[in-house]
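First the proteins, then the strands, lettered A, B, ... as listed; each starts at 1. Keep in mind that what you see is a predicted model, and the values were worked out from it rather than measured.
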Amino acid sequence: MTSSRLYLRFLRRFSTATGIDSQTTAYPGAITMSKAKSKLRKVQDPDKALAIYKSASNNSTSPLSSRYAMELTVQRLAKSQRFSDIEALIESHKNNPKIKTETFLSTLIRSYGRASMFDHAMKMFEEMDKLGTPRTVVSFNALLAACLHSDLFERVPQLFDEFPQRYNNITPDKISYGMLIKSYCDSGKPEKAMEIMRDMEVKGVEVTIIAFTTILGSLYKNGLVDEAESLWIEMVNKGCDLDNTVYNVRLMNAAKESPERVKELMEEMSSVGLKPDTVSYNYLMTAYCVKGMMSEAKKVYEGLEQPNAATFRTLIFHLCINGLYDQGLTVFKKSAIVHKIPDFKTCKHLTEGLVKNNRMEDARGVARIVKKKFPPRLVTEWKKLEEKLGLYSKGNAAAVSSSSQTREVLDQEREDDV
DNA sequence: CTAGGGTTAG
């Protein structure tokens, strides 16, 4: 279920916001914003996230890192459908004198977008006159971003038509156009996005590498490979400053073909002076996975300095598909230690596989980690699965302690909590 | 002191 749908459901149930103070405890000791960020990344519990954020929010710090910390906090709250808390948190920033600067206010608009609360984002945008904040393309772009993150693709073209007319200080720029392009791509209309691109060329608005990348990815995803290839050629001929992300989009498509094709493209990347990154290697790993070459896939994983959440999700999922639950368990433990455990479906696969192989103790070990790491809503869901699998039914109840392997992971967790 | 938009779902 998307967070925007959850939000709509929430709206039907509640009409007023509640304060956040009654529900949170102060986090002991002030910490720096960068410390807060690294703590926030590890924490899923929305109350802990709020407490960490509050303990850092009063320190003098760069707007960029405080924005990031706020967005992390908002995302944690959103996962638990704590929309009134999100509102209270974001609205509390209106007391900051910086609210009169457009960049600061735009950050708040974007944060609402992170929680799929587009109506709140819009309300903040409309309040700008009252707050005395100038309104230019900066806040307009923030509003478009909030719209995209709220999955309201069809509203972006609408805003694009109406707002520059309504507010004479708003002139869409290359980034506004980039988001218009993305809205069409997200709604599965890359042709329409191509039209906008041509339109930009006529109007003399720069088509950035990011806009190109958006369209390229959409063409590939919609199976328009020939169109994608000719767009790529066009980009190269124009002398576009190619970067990792655009190559990664090409690798995404190559991964559907073969590992060899991926390696070929990665070599091309290197030859133009780019260094394949974790995302690039993830596509190589994926290419091996879809061919069932799991030992090759694992080699790619083991060679990674910084495997990310997608690395773990993809590898564990495919190990499970291939019945390699033991290896899946090992990789899962690794993912837990670095706070990047896979999604619900993958964890479910793994646990079911372990149960099927009578590895009840290991299955319970996975379950314990999952319950510690998932947001509350998913934990509820997870407990239903445990019930169904009979994870703690009699006969299994004797061994309530988790296996020594998974206990190590949880011990590590406790150290992190201090 | 000029942000902000793009890539991984099996």
Side-chain angles (χ1 to χ4, degrees), chain A residues 2 62-64 67-68 71 101-107 109-111 113 136-149 156 160 172-186 190 193 196-197 200 205-221 228 231 235 240-256 262 265 269 274 276-292 294 297 300-301 304 307-322 340 342-346 349:
Chain A
T2 66
S62 81
L64 199 76
R67 192 196 80 206
Y68 186 57
E71 294 206 340
T101 69
E102 194 182 12
T103 42
F104 182 81
L105 188 141
S106 298
T107 296
I109 291 179
R110 257 182 229 100
S111 291
T136 73
V137 68
V138 172
S139 46
F140 178 59
N141 287 348
L143 191 67
L144 293 180
C147 201
L148 283 176
H149 281 130
V156 172
F160 215 89
D173 63 6
K174 59 185 179 183
I175 292 170
S176 328
Y177 274 99
M179 287 188 276
L180 180 61
I181 281 174
K182 182 153 172 61
S183 77
Y184 284 121
C185 289
D186 283 353
I196 303 297
M197 183 184 81
M200 288 168 77
V205 180
E206 179 199 352
V207 181
T208 66
I209 179 77
I210 292 178
F212 274 123
T213 305
T214 309
I215 301 175
L216 193 72
S218 175
L219 290 170
Y220 281 130
K221 278 181 187 158
L231 183 64
M235 292 169 68
C240 259
D241 236 338
L242 304 175
D243 62 10
N244 269 32
T245 310
V246 73
Y247 262 101
N248 285 342
V249 166
R250 299 196 75 213
L251 289 170
M252 169 185 75
N253 182 59
K256 292 183 213 156
V262 175
L265 260 179
M269 257 177 108
L274 297 168
D277 55 21
T278 300
V279 178
S280 320
Y281 284 102
N282 281 352
Y283 286 124
L284 179 60
M285 190 188 76
T286 302
Y288 282 125
C289 285
V290 296
K291 289 268 190 285
M294 294 315 294
V300 176
Y301 157 73
L304 282 177
N308 61 21
T311 314
F312 288 113
R313 190 190 62 209
T314 306
L315 183 59
I316 296 169
F317 183 82
H318 282 94
L319 285 169
C320 289
I321 288 204
N322 286 273
K340 284 167 184 166
D343 59 308
F344 191 97
K345 207 177 140 189
T346 303
H349 256 287

Quiz item: Can you find a side chain N or O atom of K182(A) that sits less than 4.0 Å from OP1 or OP2 on dT7(B)?
Solution: yes
*Taking atom types as they are modelled, is there a donor-acceptor pair under 3.5 Å from the base of dG10(B) to the side chain of T286(A)?*
no
(request) Answer with yes or no whether D243(A) presents, from its side chain, a donor or acceptor under 3.5 Å of a partner atom in the base of dG6(B). (result) yes
Does K256(A) have more than 12 heavy atoms from other residues, nucleotides or ligands lying within 6.0 Å of its NZ? yes
Discussion item. Applying a 4.0 Å non-hydrogen cut-off, can you work out what T208(A) is touching in the nucleic acid: base, sugar-phosphate, or nothing?
Written reply: base
Touch check for I209(A), heavy atoms < 4.0 angstrom, all strands: base, sugar-phosphate only, or nothing?
base
With side chains defined as the heavy atoms from C-beta onward, is the minimum distance between T213(A) and N248(A) less than 4.5 Å?
no
Rounded to whole Å, CE of M252(A) lies from C1' of dG6(B) at a distance of 11 Å
Contacts table for residues 307-316 of chain A: side-chain donor-acceptor under 3.5 angstrom, sequence neighbours left out:
unit_1  : atom_1 : unit_2  : atom_2 : d
N308(A) : OD1    : N282(A) : ND2    : 3.0
N308(A) : OD1    : A310(A) : N      : 3.1
N308(A) : OD1    : T311(A) : N      : 3.0
N308(A) : OD1    : T311(A) : OG1    : 2.8
T311(A) : OG1    : N282(A) : OD1    : 2.7
T311(A) : OG1    : N282(A) : ND2    : 3.2
T311(A) : OG1    : N308(A) : N      : 2.9
T311(A) : OG1    : N308(A) : O      : 3.3
T314(A) : OG1    : A310(A) : O      : 2.8

Under 5.5 Å and under 30°: F212(A) stacked on dG6(B): no
Identify whether any heavy atom of V246(A) sits under 4.0 Å from a base atom; if not, whether one sits that close to sugar-phosphate; answer base, sugar-phosphate or nothing. base
Practice problem: On the 0 to 90° scale, with breaks at 30° and 60°, tag the F140(A)-F160(A) ring pair as parallel, tilted or perpendicular. | Solution: tilted
Worksheet item: Is D173(A) close to V205(A) at the side-chain level, that is, under 4.5 Å between some pair of heavy atoms?
Response: no
Exercise. Would you mind classifying the nucleic acid contact of V279(A) as base, sugar-phosphate or nothing, using non-hydrogen atoms under 4.0 angstrom?
Key: base
Review point. Is there a donor on the side chain of N282(A) or the base of dT7(B) sitting less than 3.5 Å from an acceptor on the other?
Key: no
Whole-Å distance, N253(A) CG to dG10(B) C1', equals 16 Å
Checking all strands, does R313(A) fall into the base, sugar-phosphate, or nothing category for heavy-atom contacts under 4.0 angstrom?
base
How is T311(A) classified with respect to the nucleic acid when contacts are heavy atoms under 4.0 Å: base, sugar-phosphate, or nothing?
nothing
With respect to the phosphate group of dA9(B), does any side-chain polar atom (N or O) of K221(A) fall under 4.0 Å of OP1 or OP2? no
Could one point to a donor on the side chain of T213(A) or the base of dG6(B) with an acceptor on the other under 3.5 Å away? yes
